[in-house]
2 protein chains.
Amino acid sequence: MPKQVDHDERRRLIADAVCALIDEQGLEAATLRDVAARADVSMGAVQRCFRTKGEMLQFALAHIGHQVTARAHARLRAAPAQSPASTVGHLAHEIALLKTRHRAQARTWLAFLAAAAVDPALAAGLRTSYTDLETLLTDLIADAVDTPDPAHHAHTLLALTDGLTAHVLIGQRTPAEAEHLLHAHLSRLWAHPGE
Amino acid sequence: MPKQVDHDERRRLIADAVCALIDEQGLEAATLRDVAARADVSMGAVQRCFRTKGEMLQFALAHIGHQVTARAHARLRAAPAQSPASTVGHLAHEIALLKTRHRAQARTWLAFLAAAAVDPALAAGLRTSYTDLETLLTDLIADAVDTPDPAHHAHTLLALTDGLTAHVLIGQRTPAEAEHLLHAHLSRLWAHPGE
DNA sequence: CCTGTTCCGATGCGACCGCATCGGAACGGC
DNA sequence: GCCGTTCCGATGCGGTCGCATCGGAACAGG
């Protein structure tokens with residue numbers, strides 16, 4: 001058995017480079033050459049890992065989707081003792097990617113979201129992550145309040161976080177304002193859970 | 001005075017072509033050549049109207065932004081007799097661009113939104129439209145319910161519509177589902193306007 | 001050491017990009 | 001009819017793109 005490399009690990013390395021470039025200059029800046037340079041590998045290596053550029057982007061989308069959902073799951077595991085309501089709050093805050101620390105992920109996510117509007121393959125990848133997050137939120141909301149349709153509130157909450165994140169990214173809201181709006185929405189949810 | 005053309009009218013014609021291409025294939029499909037072909041003018045004519053491609057995109061953004069806000073204003077003028085609450089509902093529905101008829105505008109809007117995350121000039125253009133819509137909604141909400149901070153609810157509502165629109169575009173929600181979620185949010189707002 | 005296999009860096013290709021240039025068509029003023 | 005101005009279609013340029021190709025480096029088994 002000759003030279004062997006960890007293809008999956010390399011794929012993740014390249015996906016990180018893709019996301020970094022998208023964060024800084026948008027999706028169209030993720031060219032094969034620039035991605036290779038950013039990941040500090042040769043273009044040939046990138047082409048070995050992914051047959052086409054589209055395949056690379058799809059993998060990068062799944063990669064960042066997994067990062068976000070994994071962080072959400074981790075957040076849950078790390079705080080099992082809190083009340084269900086505050087858990088939902090923390091989780092929504094995490095998903096909204098409002099923290100400056102996660103601004104890069106938010107920008108990348110938004111870029112993929114727009115691309116998915118005209119690319120069914122990317123849309124399918126995004127839906128996988130969204131469905132995961134919705135399941136998570138639905139279960140939590142069902143625990144937190146007595147409502148006949150927890151999924152309804154989960155869907156609304158997810159749309160709100162996405163909208164707020166976008167508005168923060170273009171400077172229409174400050175992170176603090178978005179945080180406040182999100183908190184207020186949740187407060188109203190706990191106070192009046194009725195369908 | 002030699003040959004004269006209506007530059008503003010031509011600019012709008014080209015902007016429509018830009019938006020049509022973005023709707024169908026995304027922002028990067030709006031190349032000078034394809035835009036010219038779509039608008040049925042020569043590439044030279046496009047370059048005469050806009051010094052650079054970036055200038056063309058900015059104009060197209062302002063163009064579609066004006067279309068959306070103008071439709072919102074028109075909606076208001078057309079229905080002055082209704083209750084303030086239902087007026088807000090209709091307006092939010094209009095802004096959310098949920099109708100299949102406005103799907104093209106929604107996709108174009110989302111494409112610009114993502115681009116604005118890495119392009120300050122586009123972000124400024126978007127903020128102009130958003131601020132206009134927020135003013136509109138804030139005034140309406142102040143009329144509809146007694147709340148100490150109508151702008152707060154306007155901002156939340158706008159973020160929700162944007163998120164719902166995006167989720168519809170990627171197929172995560174059906175238009176009917178989004179419509180229902182939006183309606184439910186407004187119902188809760190009228191029932192419990194307290195800050 | 002040699003061989004067979006895996007991997008990759010370099011290079012080339014055809015296509016397309018934004019932009020600049022320019023010759024001539026179109027048309028009002030004289 | 002000629003002129004001056006405005007406009008635009010065609011063309012070319014330098015650059016970058018995604019992708020295909022290939023020679024050789026790296027390395028395990030014989």
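Computed from a predicted structure; not experimentally measured. In what follows, chains carry the letters A, B, and so on, assigned in the order in which the sequence lines appear, proteins first and then strands, with residues in each chain numbered from 1.
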Problem set entry | Protein-nucleotide distance (L32(B), atom CG; dT16(D), atom C1'), rounded to Å | 15 Å
For this session: Could you state the atom-to-atom distance from CD of E28(B) to P of dC17(C) in whole Å?
Result: 11 Å
Exercise. Hey, are the side chains of Q67(B) and I64(B) touching, using non-hydrogen atoms and a 4.5 Å cut-off?
Worked result: yes
Exercise. Atom CG of D40(A) to atom C1' of dC8(C): distance rounded to whole Å?
Worked result: 14 Å
Seminar exercise, completed: By nearest-heavy-atom nucleotide on DNA chain D, the more 5' of V41(B) and R33(A) is V41(B)
Exercise. Distance check: side-chain N/O of R10(B) vs OP1/OP2 of dC7(D), anything under 4.0 Å?
Worked result: no
Exercise. Taking the six-membered ring where the residue is Trp, are the ring centres of H180(B) and H152(A) under 6.0 Å apart?
Worked result: yes
For this session: Please report, rounded to the nearest Å, how far the C1' atom of dC16(C) is from the CD atom of Q25(B).
Result: 14 Å
Exercise. Between residues 43-57 of chain A and DNA chain D, which residues have a heavy-atom gap below 4.0 Å?
Worked result: M43(A), Q47(A), T52(A), K53(A)
Exercise. For H7(A) and dT6(C), what is the distance between atoms NE2 and P respectively, to the nearest whole Å?
Worked result: 11 Å
Let me have the donor-acceptor pairs involving side chains of residues 11-18 of chain B, under 3.5 Å, with sequence neighbours excluded, atom names and distances please.
residue : atom : partner : partner atom : Å
R11(B)  : NH1  : C49(B)  : O            : 2.8
R12(B)  : NH2  : E9(B)   : OE1          : 3.4
D16(B)  : OD1  : H63(B)  : NE2          : 2.9

For this session: Output all residues satisfying side-chain hydrogen bond (donor to acceptor under 3.5 Å, both in side chains) with E94(A), sequence neighbours left out; order by chain, then residue number.
Result: R71(A), R75(A)
Exercise. Just wondering, more than 12 heavy atoms not from H66(B) lying within 6.0 Å of its NE2?
Worked result: no
For this session: Would you indicate whether H93(B), at its atom NE2, is surrounded by more than 12 heavy atoms from other residues, nucleotides or ligands within a distance under 6.0 Å?
Result: yes
For this session: Rounded off to whole Å, could you give me the CG-to-C1' distance for the L27(B) and dG18(C) pair?
Result: 15 Å
